Q: 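Structure incoming, see below.
Just so it is clear, the structure is predicted and the values come from calculations on it, not from any experiment.
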Amino acid sequence: MFQVVLKALVFCFLFAGTSPAWGEDFSVAAASDLQFALRELIHGFEAQSGHHVRVSFGSSGQFCSQIQQGAPYALFLSADQHYVNLLLEKGLTRDHGVLYAQGRIALFAPQGSVLKVEKGLAGLLPLLAAGKIRHFAIANPQHAPYGRAAKQALLAAGVWNALQGHLLMAENASQAAQFSLSGSSEGGLIPLSLVLAPAFKNKGRFLLVPENLHAPLLQRMVLLKNASRAAQDFYLYLQTGRARQVLMRYGFALPDS
């Protein structure tokens, strides 16, 4: 906690007074579960600093591969700290980064769906047996941390095998959420941070999946070797109390380090 407070003070010192007369552009790769929370944070940072953040949202596994192939990102916000550790081992990061959030997954059903979220994951089984579930959306477990957590939860609940042939596999967590929201599926397992976004308000029902059904979604961010001073400032901004409050509002838990 001391480190977080110290970094917040450093950021406030850097941006005390008015915005700089010029700004810098830099690129950020961010896990798709952050798309609403991070856009809000970027808006605040740009207004305060004068810099411009170019952000791409996608699956953490795919970003990890792109960075190893030379993609010019300055900052990487992963939904799984495994990918940051992998880049550290490759010598592509400044250090081991910071654990900035812990994510949760939710069972979501759009308005009009036959899926009763109140019955939890086990409630899928009778619907599958009755032929009422045509599609069920999750992110691809091969490269998306939220997809991997979804698979673990479905395995733990004894539903995974019955769902084969009905899974609607998305490239990332955001696309899985869109599949669920649009009615392309009867429901899905998607990030709580997206379910709590304004775009989902009054569009369906959801139930938080118990934490003990999947491995913790420990989200870590890190500066890449080519990070500019502006990217460093944004990295510090994301560790301020204001930024942490925004993340909490979107359903993230906040680790101290």
Q: May I ask you to check whether Gln48 and Tyr237 show a side-chain donor-acceptor distance below 3.5 Å?
A: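 No, no side-chain donor-acceptor contact under 3.5 Å.
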Q: Given side chains that start at C-beta, do those of Glu118 and Leu207 come closer than 4.5 Å, heavy atoms only?
A: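 They are not in side-chain contact.
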Q: Assigning hydrophobic clusters by single linkage (Ile, Leu, Val, Met, Phe, Trp, Tyr; side-chain heavy-atom cutoff under 4.5 Å), is Leu77 placed with Phe57?
A: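 In one cluster: yes.
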Q: What pair of heavy atoms forms the shortest contact from Ala144 to Asn172, and how long is it?
A: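 Scanning both residues, the minimum pair turns out to be CB-CA, 4.5 Å.
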Q: Please name the residue in the list Leu88, Asn85, Leu86, Leu223 that meets the side chain to side chain contact (heavy atoms under 4.5 Å, CB included) test with Thr93.
A: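 Testing each of Leu88, Asn85, Leu86, Leu223 against Thr93, the sole residue satisfying side chain to side chain contact (heavy atoms under 4.5 Å, CB included) is Leu88.
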Q: Can you tell me if His52 has over 12 outside heavy atoms packed within less than 6.0 Å of its NE2?
A: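 For His52, atom NE2 is crowded (more than 12 foreign heavy atoms under 6.0 Å).
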Q: To the nearest 0.5 Å, what is the distance between CZ on Arg249 and CZ on Arg244?
A: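 Here the interatomic distance stands at 15.0 Å.
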Q: Apply the test side chain to side chain contact (heavy atoms under 4.5 Å, CB included) to residues Leu192 and Phe252: give CA-CA distance (whole Å), side-chain angles for both, the deciding distance (0.1 Å), then the verdict.
A: CA-CA 8 Å; Leu192 176 64; Phe252 292 104; over 6 Å; no
Q: Establish, from distance only, whether the side-chain atoms of Asp33 and Gln219 form a donor-acceptor pair under 3.5 Å.
A: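 Looking only at side-chain atoms, Gln219 and Asp33 do form a donor-acceptor pair, the distance falling under 3.5 Å.
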Q: Is there a side chain to side chain donor-acceptor pair (under 3.5 Å) between Arg54 and Ser27? Walk through the geometry before answering.
A: CA-CA 5 Å; Arg54 284 179 275 109; Ser27 297; 2.5 Å; yes
Q: Describe, in one word, how the ring planes of Phe26 and His51 are oriented to each other, choosing from parallel (under 30°), tilted (30 to 60°) and perpendicular (over 60°).
A: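 Judged by the thresholds at 30° and 60°, the geometry between Phe26 and His51 is perpendicular.
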Q: Applying ring-ring contact (aromatic ring centres under 6.0 Å, His included), run through Tyr83 and Phe63 and close with a yes or a no.
A: CA-CA 9 Å; Tyr83 294 113; Phe63 279 135; over 10 Å; no
Q: Do the side chains of Asp80 and Leu217 get nearer than 4.5 Å, heavy atoms only?
A: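 Side chain of Leu217 against side chain of Asp80, heavy atoms only: no contact under 4.5 Å found.
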Q: Could you report the tightest heavy-atom contact between Ile138 and Ala176, atom names first, then the distance?
A: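 Between these two residues, the closest heavy atoms are C-CB, 3.7 Å.
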Q: Are side-chain N/O atoms of Glu186 and His135 paired as donor and acceptor at under 3.5 Å?
A: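 No.
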Q: Calculate, to the nearest 0.5 Å, the distance between atoms NE2 and CG belonging to His96 and Leu87 respectively.
A: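 Here the interatomic distance stands at 14.5 Å.
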Q: How far apart are the closest heavy atoms of Gln35 and Leu194, and which atoms are they?
A: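 The pair with the smallest heavy-atom distance is CG-CD2, 3.9 Å.
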Q: Taking the six-membered ring for Trp, are Phe200 and Phe206 ring centroids under 6.0 Å apart?
A: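 Centroid distance Phe200-Phe206: not below 6.0 Å, so no.
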Q: A side-chain contact here means heavy atoms from C-beta on lying under 4.5 Å apart; do Ser56 and Tyr73 qualify?
A: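 Side-chain contact under 4.5 Å: yes.
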